[in-house]
Amino acid sequence: MSPSSSSPARQQISAIGPRVRFAPSPTGFLHVGSARTFIFNWLYARHNGGTMILRLDDTDVERNTEASVNSIFEGLKWLDLGWDEEYRQSERIALHRRTAEAIFQKGLAYRDFTPAHSGESERSGTEERWLFNPGMRGLSSAESHRRAAAGEPFALRFCVPREGGQLVRFTDAVYGEQVKSAADIEDFALLRSDGMPTYHLASCADDADLRISHIIRGQDHLTNTFKHVLIFQAAGTVPPQFAHLPLLVAPDGTKLSKRRHGPVVSVTTYRDAGFLPEAFLNFLCLLGWSPKNDREQMSRQELVDAFSLDGINRANAVVNFREAAKTLEETFDPKALWLNAEHIRALAVDDLSQRLMPIVREAGFNVEPAKMKRITPLIRERMKLLRDVLTAADFFFVDQLSPYDPAELIPQKGDTAMALKVLRKARERLANTEFAQDALDQALRAAAQELGVKAGQMFQPIRVAVCGRKNAPPLFATLEVLGRETTLARIEQAMGKVQ
RNA sequence: GGCGCUGUCAUCUAACGGUUAGGAUACUGCCCUCUCAAGGCAGGUAUACGGGUUCGAUUCCCGUCAGCGCUACCA
């Protein structure tokens, strides 16, 4: 399950089970849409006992960066799903060229000597649709060879059959039977004029060579698939099975993009905000896929067991995040937050506690793991994000409470006098009560009765004195963890504030 | 513009011709309760529109509208 070291040398190809791949192009950080594609591939592989392959599609030297490669690994590492084989397209260019050459030899591709970025490309500016350049497609082979031999640069284009109303077809596991007239497909490039393979060529050549059995990818490739089928056939291989995934879109319906939508589309944003990888995984799975039994909160293993291509639907799914939200929490899709809270509550206390430690430490608090373990059960039902530990349990970490409004110390339907009376009583009683939940509970309730105030009126001033705010975890458990010394000191301070 | 795909509550989705169109999130109210949460209960909101086919359409067909994707020597 751990990533194999990047040895591009031919690895043992397993003949057992499906072989799927995730093939990102390293032009930015790991996008949530990409992460979901990875996840669906991984789920399919694991459910069917197959092989998960990571392939970096880095043939575009202009735009690929090593920083992007790193950030993709960073995101995938956080997801913690792993893969079985790893390749880099840039190390397999010889294969791509061989494939292109073979297609050319069969007469299924031709040289296009049109200079790159020439006036010709302005065709995209016009409303004209471009299918091919007759002058180049119709070049005699003698002429073609002559110009190539003379060193004139050319791109290699696939010669799409456009006579006789040929149809290109394939079956998509999600979108069903797909048919398109070959006449509607343009003569796409296989090799650039610098000899580098294009995405279409490299991708198909690698898929064939790596014996990929199922291509599971975004629906933005659905139309491209017709070209790919043409390439596979020209290369003399049987196309793999296809399954296209509905796209993830923003609330405005447009494709998720960093430029338009900001950091909410980056996987690391979720990590840094305190999402549990298993919750994030769960959330993404529910976008465009359904187990069909109304299950929502699912563990990694449950997802593997339940996953099936049949459950994938066809309509785009919107990630319901909010741009321009005031708080971090409001930024995320509410369902993602809810699922995260569910997963947090499903975690064992020790486990959660360990995950909380680094966050607390990074925030500058020095807390012993043993103490954290005692705090965790008090706050875990009050967290949506791991980072919430900082606001939910802050008073456990500090020596000195940050300033709060003394008015908060005044109980419901009470006054300053009552607050003072309660605090005084609490100080007295807490000085010689055992600091254990039950004992504290009994002692303070009894004290309330003696004072003739309601339990709530008794507890609130103490809570505010000790936590610095009205809303906090259950009081007795809190006091128990805080201990007598801290509790009494804070009550003392509170008394000073009311006067 | 051409080609392709899609259209069920605000959002994620279920219902493979027959359901009072189900669940979840979010929202509102009530209960529980030492506050806040969590939990329980209850509530409102949906089949884009128009035609067919059928005894019967969310479901099948056609059209309209809308959205998205592709239309690069990007991936």
Side-chain angles (χ1 to χ4, degrees), chain A residues 23-27 57-60 62-64 112 114-117 121 123-124 126-131 153-157 172 174-176 178-181 183-186 188-200 202-203 218-227 244 246-247 249 251 253-255 283 286-297 310-311 313-320 333-339 341 345 379-384 392 411-412 441 444-445 448 454-460 462-464 467 469-476:
Chain A
S25 69
T27 56
D57 280 8
D58 56 351
T59 54
D60 183 359
E62 299 278 300
R63 307 191 337 166
N64 294 160
D112 181 351
T114 310
H117 310 300
S121 63
R123 63 179 181 249
S124 52
T126 80
E127 297 291 287
E128 294 285 309
R129 75 170 150 159
W130 180 91
L131 255 17
F154 61 87
L156 193 69
R157 287 188 182 280
D172 189 273
V174 174
Y175 290 91
Q178 302 295 313
V179 188
K180 184 167 180 167
S181 165
D184 286 327
I185 302 170
E186 75 278 8
F188 53 93
L190 258 19
L191 248 28
R192 301 183 175 101
S193 47
D194 62 1
M196 287 295 282
T198 62
Y199 160 74
H200 299 302
S203 178
Q219 193 244 38
D220 47 346
H221 285 297
L222 190 63
T223 320
N224 286 332
T225 306
F226 294 106
K227 295 173 193 167
H244 286 88
L247 263 23
V249 298
T254 63
K255 205 170 152 182
F283 172 64
L286 262 19
L287 257 23
W289 173 79
S290 163
K292 312 226 177 205
N293 56 187
D294 289 340
R295 280 296 308 276
E296 300 220 287
Q297 201 245 103
D310 298 333
N313 50 35
R314 288 173 286 277
N316 289 171
V318 357
V319 181
N320 200 14
D333 187 318
K335 196 148 195 173
L337 253 6
W338 169 75
L339 269 172
R345 289 192 287 269
I379 58 169
R380 73 152 152 194
E381 282 175 357
R382 273 155 270 263
M383 290 194 287
K384 284 198 167 81
Q412 285 279 303
D441 189 333
L444 291 175
R445 278 181 203 281
K454 291 189 172 179
Q457 293 175 312
M458 178 82 201
F459 302 153
Q460 187 191 318
I462 303 174
R463 174 179 296 109
V464 173
C467 303
R469 64 181 127 90
K470 285 186 189 167
N471 299 339
L475 187 59
F476 314 121

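So that the names make sense, note that chain A is the first sequence line, chain B the second, and so on, each numbered from 1. Note that the structure is a prediction, hence the values are computed from the model and not measured.
With rounding to whole Å, A:Asn293 atom CG is found 14 Å from B:C16 atom P. Following rounding to the nearest Å, A:Leu190 (CG) and B:A75 (P) show an atom-to-atom distance of 12 Å. Going from atom CH2 of A:Trp338 over to atom C1' of B:A38 covers 13 Å, rounded to whole Å. When rounded to the nearest whole Å, the span between CG of A:Asn224 and P of B:C68 equals 18 Å. When the P atom of B:A72 is taken as reference, atom CG of A:Leu131 falls 10 Å away, rounded to whole Å. Distance CZ (A:Arg469) to P (B:A37): 13 Å, rounded to an integer number of Å. The interatomic distance linking A:Leu475 (CG) with B:A37 (P) rounds to 17 Å, in whole Å. Between A:Arg380 atom CZ and B:C36 atom P there is a gap of 21 Å when expressed in whole angstrom units.
By the 4.0 Å N-to-carboxylate-O rule, A:Lys292 lies too far from A:Asp310 to be salt-bridged with it.
Shown here for A:Met196 and A:Asp194, the closest heavy-atom pair between the two residues is N-OD1, 2.9 Å. The minimum heavy-atom distance between A:Gln460 and A:Lys470, with the atom names listed, is NE2-CE, 3.6 Å. Heavy-atom minimum distance, A:His244 versus A:Gln219: CB-CA, 4.0 Å. Contact between A:Ala317 and A:Gly288 at its shortest, heavy atoms only, is CB-N, 4.2 Å.
The shortest distance between the side-chain N/O atoms of A:Arg345 and the OP1/OP2 oxygens of B:A38 is not below 4.0 Å. At B:A75, one or more side-chain N or O atoms of A:Thr59 fall inside 4.0 Å of OP1 or OP2 (strictly under the cut-off). Taking 4.0 angstrom as the limit, A:Arg295 places none of its side-chain polar atoms (N or O) nearer than this to OP1 or OP2 of B:G23. For the pair A:Asn471 and B:C34, the criterion of a side-chain N or O lying under 4.0 Å from OP1 or OP2 is not met. Regarding contacts with the backbone of B:C68, every side-chain N or O of A:Lys255 stays at 4.0 angstrom or more from both OP1 and OP2.
Using a 4.0 Å heavy-atom distance criterion, A:Pro251 is classed as making no nucleic acid contact. Heavy atoms of A:Glu186 sit under 4.0 angstrom from primed sugar atoms or phosphate atoms, though from no base atom. A:Gly218 comes within 4.0 angstrom of nothing in the nucleic acid, heavy atoms only. When heavy atoms are screened at a 4.0 angstrom cut-off, A:Pro246 is found touching no nucleic acid atom at all. Nucleic acid contact for A:Ser25: sugar-phosphate only, since backbone atoms but no base atoms lie under 4.0 Å from a heavy atom of the residue. Contacts of A:Ala472 with the nucleic acid, taken as non-hydrogen atoms under 4.0 Å apart, include base atoms. Counting non-hydrogen atoms under 4.0 angstrom, A:Phe154 reaches nothing in the nucleic acid. Using a 4.0 Å heavy-atom cutoff across all strands shown, A:Ser181 reaches no nucleic acid atom at all. Among the atoms of the strands shown, none is found under 4.0 Å from any heavy atom of A:Asp441.
Under the Watson-Crick and G-U wobble criteria, each requiring two contacts below 3.5 Å, nucleotide B:U59 is left unpaired. The pairing partner recorded for B:U28 is B:A42, the criterion being a Watson-Crick or G-U wobble arrangement whose two distances lie under 3.5 angstrom. For B:A21, there is no paired base (Watson-Crick or G-U wobble, both distances below 3.5 Å). Pairing for B:A72 is absent, with no Watson-Crick or G-U wobble pair whose two atom distances lie under 3.5 Å. B:U53 is unpaired under the Watson-Crick or G-U wobble criterion, no partner having all donor-acceptor distances under 3.5 Å. Under the Watson-Crick and G-U wobble criteria, each requiring two contacts below 3.5 Å, nucleotide B:A66 is paired to B:U6.
The closest donor-acceptor contact from the side chain of A:Gln457 to the backbone of A:Gln412 lies under 3.5 Å. Proximity of a side-chain donor or acceptor of A:Thr225 to a complementary backbone N or O of A:Leu222 within less than 3.5 Å is detected.
Closest to the A:Asp184 side chain, of the nucleotides B:C3, B:U25, B:C34, is B:C3. For A:Arg463, the side-chain atoms get nearest to B:U35 when compared with the rest of B:C70, B:A26, B:U35. Across B:C36, B:C5, B:U25, the shortest atom-to-atom separation from the side chain of A:Gln219 is found for B:C5. Relative to the side chain of A:Arg382, the nucleotides B:C36, B:A26, B:C70 differ in distance, and B:C36 lies closest. Nearest nucleotide to the A:Tyr199 side chain, out of B:C68, B:A75, B:U6: B:A75. The nucleotide whose nearest atom lies closest to any side-chain atom of A:Asp294 is, among B:U71, B:G22, B:C34, B:G22. Of all nucleotides listed (B:A14, B:G22, B:C73), B:C73 comes nearest to the side chain of A:Ser193. Closest to the A:Asp333 side chain, of the nucleotides B:U71, B:C5, B:U11, is B:U11. Here the nucleotide nearest the side chain of A:Tyr175, chosen from B:U6, B:A75, B:C12, is B:U6. When the nucleotides B:C73, B:G4, B:U25 are ranked by their closest atom to the side chain of A:Gln178, B:G4 comes out on top.
The same atom, P, is picked in B:C49 and in B:A38; the two are 36 Å apart, to the nearest Å. B:U59 and B:G51: their P atoms are spaced 14 Å apart (whole Å). Between the C1' atoms of B:G67 and B:C32, the separation comes to 46 Å (whole Å). Comparing the C1' positions of B:C9 and B:U47 gives an interatomic distance of 10 Å, to the nearest angstrom. Atom name C1', nucleotides B:C34 and B:A42: the rounded distance is 26 Å, in whole Å.
Mapping A:Leu247 and A:Asp60 onto RNA chain B by nearest heavy atom places A:Leu247 closer to the 5' end of the strand. In terms of position along RNA chain B, the nucleotide closest to A:Phe226 lies nearer the 5' end than the nucleotide closest to the other residue of the pair A:Phe226 and A:Glu381.
You won't find any donor-acceptor pair under 3.5 Å spanning the side chain of A:Asn316 and the base of B:G69, going by distance alone. A donor and an acceptor atom never sit less than 3.5 Å apart when one is taken from the side chain of A:Arg314 and the other from the base of B:C5. The base of B:A10 lies outside donor-acceptor range of the side chain of A:Asn320, with no N or O pair under 3.5 Å. Donor-acceptor pairing under 3.5 Å, judged by distance alone, is present between the side chain of A:Lys335 and the base of B:A24.
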| field | Criterion salt bridge (charged side-chain N to carboxylate O under 4.0 Å, His left out) on A:Arg157 and A:Glu186, from CA distance to verdict | value | CA-CA 10 Å; A:Arg157 287 188 182 280; A:Glu186 75 278 8; over 6 Å; no
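Considering CG of A:Leu339 and CG of A:Asp333, their distance stands at 9.0 Å, rounded to 0.5 Å.
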